[in-house]
Undergrad: 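Pasting in a structure now, in structure tokens, and then I'll have a few things to ask.
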Amino acid sequence: MSNPINPTTGLDFTPAVGDMPFTPLQRELLAQAHALGRDQFAARAPQWDREASFPFANYDDLRDAGFLKLCVPTAHGGLGADYTTYMMVAAEIGRFCGATALTWNMHICSTLWTGVLADGIDMTDEQRTEHLARRELHFKRIVNDGAIYAQPFSEGTAAAAGRAPFGTTAKKVDGGWLVNGRKIWASLSGAADYYGVLCTEDKGDQHPDARDTLYISVPATAAGFSISGDWDPLGMRGTVSRNLAFKDVFVSDAEQLMPRGIYFKGAQTWPAMFFTLSPTYLGLANAAYDFTVKYLRGEVEGEPPIKRRQFPTKQITVAQMRIQLENMKSIFARAIAEAKPNPSKDEKLRLYAAHYCVMEGANDIARLAIRTCGGQSMMKHLPLERLYRDSRCGALMLPWTAELILDRMGRETLYEAGEKDA
């Protein structure tokens with residue numbers, strides 16, 4: 001029996017982002033994402049978690065649905081989803097498999113940053129011409145070949161937080177660049193066809209500068225590129241985030257994902273580019289709430305149809321979960337609607353607040369879910385213990401960990417740009 005169509009959304013389910021008017025494209029993509037998650041991803045999620053293996057089967061489904069090219073402009077053969085639309089769809093994917101949503105984010109960002117976001121960054125005519133020509137190559141790989149792009153950030157230093165230059169370097173040589181260095185926590189390691197590496201241009205002056213950050217695609221088949229390290233983490237196990245090493249890896253000029261100096265300008269112009277990790281965790285929060293309601297109503301498939309909803313303590317906890325989830329959805333929806341180049345101070349602070357609320361709130365909702373569902377929720381054949389572990393990882397993710405967000409919010413509230421204490 002199908003659910004009735006909501007006249008506001010035009011859908012027969014409530015999306016993870018909440019119920020609001022959607023564009024025809026958003027409605028279509030959300031319906032596709034929900035069906036993929038419900039019918040395919042949810043049942044497979046325990047396998048990726050148990051094995052700490054990459055969700056290749058899910059990526060086959062994403063490719064077949066056209067979701068690898070979701071944010072590639074329609075002029076280049078993509079689906080043309082904008083920032084807001086991507087964030088809505090990503091939350092729906094995260095509702096059914098956190099590892100798939102989180103790794104898909106890394107891939108999508110390679111097209112989002114070079115597409116919609118780059119269009120809002122000031123460039124010279126020469127830079128714009130260069131960028132438009134080079135992104136055509138990367139878009140074609142995704143649209144025509146179904147290529148997967150990764151986006152390794154972390155190095156174990158302050159670079160990923162934007163507070164220091166990246167230790168991985170790229171030195172200009174004839175026809176391209178020589179890349180040297182290493183990345184850790186590199187999601188999609190071994191699964192990606194290309195790795196969108198953030199590195200610092202080596203100008204030979206021993207004075208690396210974050211303003212000289214380069215965004216370069218390294219093919220998985222490149223000589224001198226290697227993957228190492230074990231992968232057995234607490235949560236988000238299907239991301240397979242191992243270590244990458246670059247030893248005199250040559251890449252051609254065409255592999256630049258952005259012209260020189262544009263990534264740094266983009267990070268200053270588009271702070272919402274770092275908010276794209278959040279929808280995964282909003283999805284996880286929805287999943288924990290959804291399961292709790294089904295469990296207390298005795299409607300979990302494969303479990304005895306025992307109702308536990310009659311106990312006031314459980315009713316109160318569900319109410320608390322719903323209140324927190326509604327707050328998270330509201331601030332998330334406001335933040336993605338406001339995302340744009342050069343946001344106002346209030347918009348930027350609200351963006352930080354939304355990220356913090358989602359990353360911390362997802363785990364809090366999972367905690368409440370375990371508490372009210374009781375001892376049975378600890379069993380691995382049920383999803384709550386996985387959701388709890390996965391949701392705990394969000395607050396640790398660079399470049400905006402929970403601690404860094406609090407630091408940014410406090411500093412940027414009390415200091416205007418350029419202000420210093422005597």
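Just so we're clear, the structure is a prediction, and the values are computed from it rather than from any experiment. What you see below is based on every heavy atom in this structure, not just the backbone, and it leaves out hydrogens, waters and symmetry mates.
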Undergrad: Does the distance from a Lys or Arg side-chain N to an Asp or Glu carboxylate O, for K340 and E347, drop under 4.0 Å?
TA: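 The answer is yes: the pair qualifies as a salt bridge.
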Undergrad: Can you tell me if CE on M378 sees more than 12 non-hydrogen neighbours from other groups inside 6.0 Å?
TA: no
Undergrad: Check for a donor-acceptor pair, side chain of E303 on one end and backbone N or O of V300 on the other, with a separation under 3.5 Å.
TA: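 Not a single qualifying donor-acceptor pair exists.
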Undergrad: Answer yes or no: is there a side-chain heavy-atom contact under 4.5 Å between F41 and P55?
TA: no
Undergrad: Taking D61 first and then R44, would you say they form a salt bridge - that is, a charged N and a carboxylate O separated by under 4.0 Å?
TA: yes
Undergrad: Any heavy-atom pair between the side chains of L79 and L29 that's under 4.5 Å?
TA: yes
Undergrad: Show the numbers, then the answer: is there a side-chain hydrogen bond (donor to acceptor under 3.5 Å, both in side chains) between Q268 and Y263?
TA: CA-CA 9 Å; Q268 307 303 308; Y263 169 80; over 6 Å; no
Undergrad: Looking at T84 and I336, would you say the former's side chain and the latter's main chain have a donor-acceptor pair under 3.5 Å?
TA: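 Yes.
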Undergrad: With the threshold set at 4.0 Å, does a side-chain nitrogen-carboxylate oxygen contact exist between E155 and K183?
TA: yes
Undergrad: With a sphere of 6.0 Å drawn around NZ of K140, does it hold more than 12 non-hydrogen atoms of other residues, nucleotides or ligands?
TA: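 Atom NZ in K140 is not packed in, count stays at 12 or less.
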Undergrad: Does the side chain to side chain contact (heavy atoms under 4.5 Å, CB included) test come out yes or no for F13 and E92, once each step is laid out?
TA: CA-CA 11 Å; F13 65 95; E92 200 61 33; 3.7 Å; yes
Undergrad: Can a donor-acceptor pair be found, under 3.5 Å and without considering hydrogens, that links the side chain of D193 to the backbone of I148?
TA: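 Side chain of D193 to backbone of I148: a pair is present.
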Undergrad: Check this for me, if you would: do R411 and D407 make a salt bridge, where the nitrogen-to-carboxylate-oxygen distance has to be below 4.0 angstrom?
TA: yes
Undergrad: Between W48 and F54, does the ring centre distance come in under 6.0 Å?
TA: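 No, too far apart.
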Undergrad: With the threshold set at 4.0 Å, does a side-chain nitrogen-carboxylate oxygen contact exist between D122 and K265?
TA: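 Salt bridge: no.
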Undergrad: Should L11 and P15 count as side-chain neighbours, where that means a heavy-atom distance under 4.5 Å?
TA: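 They are in side-chain contact.
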Undergrad: Would you say L70 and I108 make side-chain contact, with heavy atoms under 4.5 Å?
TA: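 L70 vs I108: side chains touch.
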Undergrad: Show the numbers, then the answer: is there a side chain to side chain contact (heavy atoms under 4.5 Å, CB included) between N180 and T168?
TA: CA-CA 6 Å; N180 283 279; T168 303; over 6 Å; no
Undergrad: Looking only at side chains, do E412 and Y352 share a donor and an acceptor under 3.5 Å apart?
TA: yes
Undergrad: Determine the sole option in E201, E130, E126 for which the salt bridge (charged side-chain N to carboxylate O under 4.0 Å, His left out) test with R260 is passed.
TA: E201
Undergrad: For A52, is there any backbone N or O sitting under 3.5 Å from a side-chain donor or acceptor partner on D232?
TA: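 It does not hold such a pair.
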Undergrad: Could you give the distance from CG (N58) to CD (Q47), rounded to the nearest 0.5 Å?
TA: 9.0 Å
Undergrad: Per the side chain to side chain contact (heavy atoms under 4.5 Å, CB included) rule, which among V17, L387, L325 passes with N286?
TA: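 The single option meeting the side chain to side chain contact (heavy atoms under 4.5 Å, CB included) with N286 is L325.
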Undergrad: In terms of side-chain geometry, is the basic nitrogen of R389 or D49 positioned less than 4.0 Å from the acidic oxygen of its partner?
TA: yes
Undergrad: Could you tell me whether the side chain of S391 and the main chain of Y388 form a donor-acceptor pair under 3.5 Å?
TA: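 It does hold such a pair.
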Undergrad: State, yes or no, whether a side-chain contact exists between V179 and K247 at a heavy-atom distance under 4.5 Å.
TA: no
Undergrad: For the backbone of W104 and the side chain of Y59, can you confirm whether one donor and one acceptor N or O come within less than 3.5 Å of each other?
TA: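 At least one qualifying donor-acceptor pair exists.
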Undergrad: If I take atom CD from residue Q127 and atom CD1 from residue I121, how far apart are they, to the nearest 0.5 angstrom?
TA: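 Here the rounded value is 10.0 Å.
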Undergrad: In plain terms, say whether R63 and D60 are close enough for a salt bridge, that is, a side-chain N and a carboxylate O under 4.0 Å apart.
TA: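 Result for this pair is yes, salt bridge flagged.
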Undergrad: With distance as the sole test, does R27 use its side chain to make a donor-acceptor pair with the main-chain N or O of F22 at under 3.5 Å?
TA: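 Judged by distance alone, yes, a pair lies under 3.5 Å.
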Undergrad: Determine the interplanar angle of the F246 and F225 rings, folded into 0 to 90°, and report it as parallel if under 30°, tilted if 30 to 60°, perpendicular if over 60°.
TA: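 Tilted.
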Undergrad: If we ignore angles and hydrogens, is there a donor and acceptor under 3.5 Å between the side chains of D82 and T85?
TA: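 Indeed, the side chains of D82 and T85 share at least one donor-acceptor pair under 3.5 Å.
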Undergrad: Step by step, would you call Y86 with N105 a side-chain hydrogen bond (donor to acceptor under 3.5 Å, both in side chains)?
TA: CA-CA 9 Å; Y86 162 67; N105 168 72; 3.1 Å; yes
Undergrad: Is it the case that the side chain of T129 and the backbone of D125 share a donor-acceptor pair, with hydrogens and angles ignored and the cut-off at 3.5 Å?
TA: yes
Undergrad: Determine whether a donor-acceptor pair (N or O, by modelled atom type, separation under 3.5 Å) exists between the side chain of T103 and the backbone of T100.
TA: yes
Undergrad: Do the two ring centres, one from H355 and one from F274, sit under 6.0 Å apart?
TA: no
Undergrad: If you measure only the distance, is there a donor-acceptor pair under 3.5 Å linking the side chains of D19 and T14?
TA: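 Distance-only check fails for D19 and T14.
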Undergrad: When you check the gap from the basic side-chain N to the acidic O, do D209 and K203 get nearer than 4.0 Å?
TA: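 Salt bridge between D209 and K203, a charged N being under 4.0 Å from a carboxylate O: no.
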Undergrad: Taking everything shown except R350 itself, do over 12 heavy atoms lie less than 6.0 Å from its CZ?
TA: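 Atom CZ in R350 is crowded, with more than 12 foreign heavy atoms closer than 6.0 Å.
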Undergrad: Check whether any side-chain heavy atom of M236 lies under 4.5 Å from a side-chain heavy atom of T280, and answer yes or no.
TA: yes
Undergrad: Is there a donor-acceptor contact under 3.5 Å from the side chain of K172 to the main chain of G176?
TA: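 Yes, because the side chain of K172 sits within donor-acceptor range (under 3.5 Å) of the backbone of G176.
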Undergrad: Using 30° and 60° as the class boundaries, would you call the ring planes of F332 and F275 parallel, tilted or perpendicular?
TA: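 Aromatic pair F332/F275 classed tilted.
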Undergrad: Classify the ring geometry between H138 and Y149 as parallel (under 30°), tilted (30 to 60°) or perpendicular (over 60°).
TA: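 It falls in the perpendicular class, over 60°.
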Undergrad: Indicate yes or no: does R392 engage D364 in a salt bridge with an N to O separation below 4.0 Å.
TA: no
Undergrad: Would R141 and E255 pass as an ion pair if we require N to O under 4.0 Å?
TA: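 Salt bridge present between R141 and E255.
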Undergrad: Taking atom CZ of R308 as the centre, report whether more than 12 heavy atoms of other residues, nucleotides or ligands fall under 6.0 Å from it.
TA: yes
Undergrad: Which class fits the ring pair Y295 and F291: parallel under 30°, tilted 30 to 60°, perpendicular over 60°?
TA: parallel
